[in-house]
Number of protein chains: 2
Amino acid sequence: MPERVSVREVGLRDGLQIEAPVPTEAKLRLLEAVVATGVPRVELTSFVSARAVPALADAERVAAAALERFDDVLFSALVASRTGVDRALAAGLTDVEYVVSASDTHSRANVGRGTEESVALTAELAETVHAAGGRLEAVIAIAWDCPFEGPTPPERVLGIAEAVVAAGADALCLADTIGTTTPLRLVELVRATREHAPGLDVGIHLHDTRGMGAANALAAVTAGVTSLDASVGGLGGCPFAPGASGNVATEELVYLLDGIGVATGLDLRAVLHAAGVARDAVGHELTSSLLKADGGAA
Amino acid sequence: MPERVSVREVGLRDGLQIEAPVPTEAKLRLLEAVVATGVPRVELTSFVSARAVPALADAERVAAAALERFDDVLFSALVASRTGVDRALAAGLTDVEYVVSASDTHSRANVGRGTEESVALTAELAETVHAAGGRLEAVIAIAWDCPFEGPTPPERVLGIAEAVVAAGADALCLADTIGTTTPLRLVELVRATREHAPGLDVGIHLHDTRGMGAANALAAVTAGVTSLDASVGGLGGCPFAPGASGNVATEELVYLLDGIGVATGLDLRAVLHAAGVARDAVGHELTSSLLKADGGAA
């Protein structure tokens, strides 16, 4: 069991991307509450087509405000293309998460090109990011199951991992994009990926769609994972499953890690406050059980 | 990791007890759906004061109908007193769960007497149950935390465990009544309890109030626990925390155990169907993430 885990708050990106657009000022109030939790890393937004994801059309404004207002937090953004990298760098962010979907069908539906093409783009993007002094993390989406293709063959994920690492990726993240994995499959893929990318950080991005978020996080941490994504309130979800959960809730992750003696640097009460701010920002209840039990008052 | 876990469905008791009374016929439709899941054990109801728990005032009718209609399932009921045991036996049930709260304050609030007095009653109840050919399981409530007294000293739980076993209890169950425990505390108390009750089955009763249900179940099973309570849909909750979850959802527990290769005998689709029936019976959404993601259709 590691002594410490680095949490990345992704609610502003993964959480808000499927919501009706939230005003930029409300996002910045949420960001302020998120920063106050003590979280070391925040994925701020995604530099993607505003037509495809209208909720994140203000990516430049959010990034600029974040960099101006807050210190001591590592801000990053999700990108899926060369344009995305250029926009992120122009906005002053140097760290990017570059998504490659392990499912060809999902990849085409998501970014209009197949897995191979996405992998092939990695070297150019990594070079650009490195030239700006930044880091490129490759996020392998659909690492366990695809809504179109079914289970993802682990060797496919491992092949992508090897290729993006060879192309210059500085870190890896395995994403349970539709929240289907379970602890054993999770740990097996993490271990195999580590063997294919020695020395690199392999983080985990979990969704709580089937209530497995905390159990998978426990398994990941027990297997030595030290980088975990989470979203306050469990913000997010799936447009095709009303009421379905988004990412594992930051407050539930912190509650779990506090309970098993793994340090995060986050303050649970501040996280619950931020979850309440997130709930106000989107104007509806969130799925986090802990937020409901607690109420989320500051 | 055990090869097999025995799930006990407690939705009809722990789930329904805080709901507005559900008509007996709706309970029996839910029971039919629950039995169809393949679950080996069902806690049907609680023989307690109808004034205190109006939702379970039909305990005798539910027990009689269950015993008449269904075979191959071990039916039991929760009791808290001599009257409860007598009523359960008169209704044809021989297996009872007898609750002893490890918190004196909670015990007095719950059953009008302290922990010591409850423990002292065990021998008489066990003798009565044994004379009828049944088994008495002692459920130690508030095994980890009390809403009034704070953390429960583990030695208090161990003392109760020793005493009720000496008094004739045939099995033990540790209940995380308010859903606060986390995997490490859970496993530590399970291990210590086993040492104080060698040879006896030590089951676990979890609530998902803070989203820890599946993570705690994973930890319990990894530590060798083979008896787990769950409720379809995560039915239940807390009257003082609107929207707060009840027990760990049976469908999420089965999804988890299926995923890690631990047999339960339950069919996941049948469990999701039963969860949908439970939702219809209470007339509101339930908290299970998996039920929401799935929809719960048969």
Side-chain angles (χ1 to χ4, degrees), chain A residues 1 144-145 178-188 207-222 233-234 237-238 240-246 248-262 268 272 285-296, chain B residues 1 144-145 178-188 207-222 233-234 237-238 240-246 248-262 268 272 285-296:
Chain A
M1 195 90 82
W144 286 276
D145 294 295
I178 56 170
T180 53
T181 199
T182 41
L184 202 58
R185 295 177 73 202
L186 180 120
V187 166
E188 283 169 357
H207 281 252
D208 198 27
T209 321
R210 286 158 185 81
M212 297 297 111
N216 284 332
L218 174 65
V221 171
T222 306
C238 173
F240 307 112
S245 302
V248 60
T250 312
E251 60 272 27
E252 293 185 358
L253 181 62
V254 170
Y255 188 87
L256 171 73
L257 296 173
D258 281 355
I260 61 174
V262 174
L268 182 58
L272 282 161
E285 286 298 317
L286 299 178
T287 52
S288 158
S289 298
L290 181 49
L291 175 61
K292 280 179 194 147
D294 178 84
Chain B
M1 193 91 82
W144 285 277
D145 295 294
I178 57 170
T180 52
T181 198
T182 40
L184 201 59
R185 294 177 74 201
L186 181 120
V187 166
E188 284 170 355
H207 281 252
D208 198 27
T209 320
R210 285 157 186 82
M212 296 298 111
N216 284 333
L218 174 66
V221 171
T222 305
C238 172
F240 308 112
S245 303
V248 60
T250 312
E251 60 272 26
E252 294 185 358
L253 181 62
V254 170
Y255 187 88
L256 171 73
L257 296 174
D258 281 355
I260 61 174
V262 174
L268 181 58
L272 283 160
E285 286 298 318
L286 299 179
T287 53
S288 158
S289 298
L290 180 50
L291 175 61
K292 282 179 193 148
D294 179 85

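Just so it is clear, the values below take in all heavy atoms, side chains as well, and ignore hydrogens, waters and symmetry mates. To find a chain, count down the sequence lines: A is the first, B the second, and so on, and within it residues start at 1.
- Both the backbone and the side chain of A:Ile260 come within contact range of chain B, each with at least one heavy atom under 4.5 Å from a heavy atom of that chain.
- Here the straight-line distance linking atom CG of A:Leu268 with atom CZ of B:Arg210 works out to 10.0 Å at 0.5 Å rounding.
- The closest donor-acceptor contact from the side chain of B:Tyr255 to the backbone of A:Thr182 lies at 3.5 Å or more, if one exists at all.
- Looking at B:Met212 and A:Glu252, their side chains come closer than 4.5 Å, going by heavy atoms from C-beta outward.
- For B:Thr222, no part sits under 4.5 Å from any heavy atom of chain A, backbone or side chain.
- Ranked by heavy-atom pairs shorter than 4.5 Å toward chain B, the options A:Leu256, A:Val248, A:Asn216 are led by A:Leu256.
- For the pair B:Leu184 and A:Gly259, the tightest heavy-atom approach, listed with the atom from each and the gap, is CB-O, 4.2 Å.
- Summarising the geometry of A:Ser289 relative to B:Gly211, their closest heavy-atom pair is CB-N, 3.6 Å, with the distance given to 0.1 Å.
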